[in-house]
Amino acid sequence: MNFHVLTLFPEMIEQGLNTSIIGRALEKELLTLQTVNIRDFAENKHNRVDDYPYGGGAGMVMAPGPVYRAFQHVKDQIISKKPRVIYLTPQGQVFNQNLAEEFAKEEDLVFLCGHYEGIDERALELIVTDNVSLGDYVLTGGELAAMVVIDAISRLVPGVLNNDTSAEFESFQDNLLEYPQYTRPEEFMGKKVPEVLLSGHHAKIDAWRREQSIIRTVNQRPDLLEKAVLNKKEKKFLEEYRN
Ligand code: ADE
């Protein structure tokens, strides 16, 4: 997977992604990360990339030229078919695990990070294929959002997580939240690890974990439950729990 990020703050992206699991995957070249400074594509004396909005109003708008040229620079290096270009914006489709899985299938992904009051609409029309939002709140720029999206995609790339199966068995994969986890000590501040986990009885442990996932989802994300696939026994458990 090759990530290309168009940004006014390349160091923010590089520093944010060069640690921990993603950092290691970059080192191993399971992932590559190219940051492109949009300012390098300004064609004026002071390298200005923003200007006043036509029609007036508060704030500044990122001019189309530098953004468009920065994209062409990246596109010229991509050999694969036309890349998907993801613009991070609160006006986009809300990001989720399904979208992460869809993006993870691509060979190259281009991210466009805006600042100020946004980017000239014409540049967006010319280059963007996907508008993606993290949620209903406004960030100061697209960089943190791009990093969140890149992180979620990266862990789906084969080899990035040490344990090949660990990306499968967790929250959202089947629309249930993850069950609670425990490690040593067996008792902490008077609170004991659930007995069943010490039993060594794997079928019982699996059943208990599924039940805990169901309980959590009912209480914390009931909206997810509609899409969850439960077997007969689990449906019965859910009914009894609700009563
Ligand atoms: N840029 C500013 N706010 C954002 C948000 N909520 N999601 C994605 N990109 C953004």
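We use all heavy atoms of the structure for the numbers below, so side chains are in, but hydrogens, waters and symmetry mates are not. First listed ligand is number 1; within each ligand, the first listed atom is number 1.
F95 and F103 have parallel rings, their planes meeting at less than 30° on a 0 to 90° scale where 60° marks the start of perpendicular.
Listed by first and then second residue, the side-chain hydrogen bond (donor to acceptor under 3.5 Å, both in side chains) pairs involving residues 108-125 are N2-D108, H4-D108, S80-D108, H115-E143, D120-R122 (not counting sequence neighbours).
Using a cut-off of 4.0 Å between Lys/Arg side-chain N and Asp/Glu carboxylate O, K236 and E240 are scored as salt-bridged.
Every residue two or more places apart in sequence or in another chain that forms a salt bridge (charged side-chain N to carboxylate O under 4.0 Å, His left out) with E106 is listed here: K81, R84. Scored by the salt bridge (charged side-chain N to carboxylate O under 4.0 Å, His left out) test, D223 finds R221 as partners (sequence neighbours excluded).
Protein residues having at least one heavy atom under 4.0 Å from any atom of ligand 1 are L88, T89, P90, V132, S133, L134, G135, Y137, V138, L139, G141, A145, listed by chain and number.
Of the possible donor and acceptor atoms, none in the side chain of R48 sits under 3.5 Å from a partner among the backbone N and O of A42.
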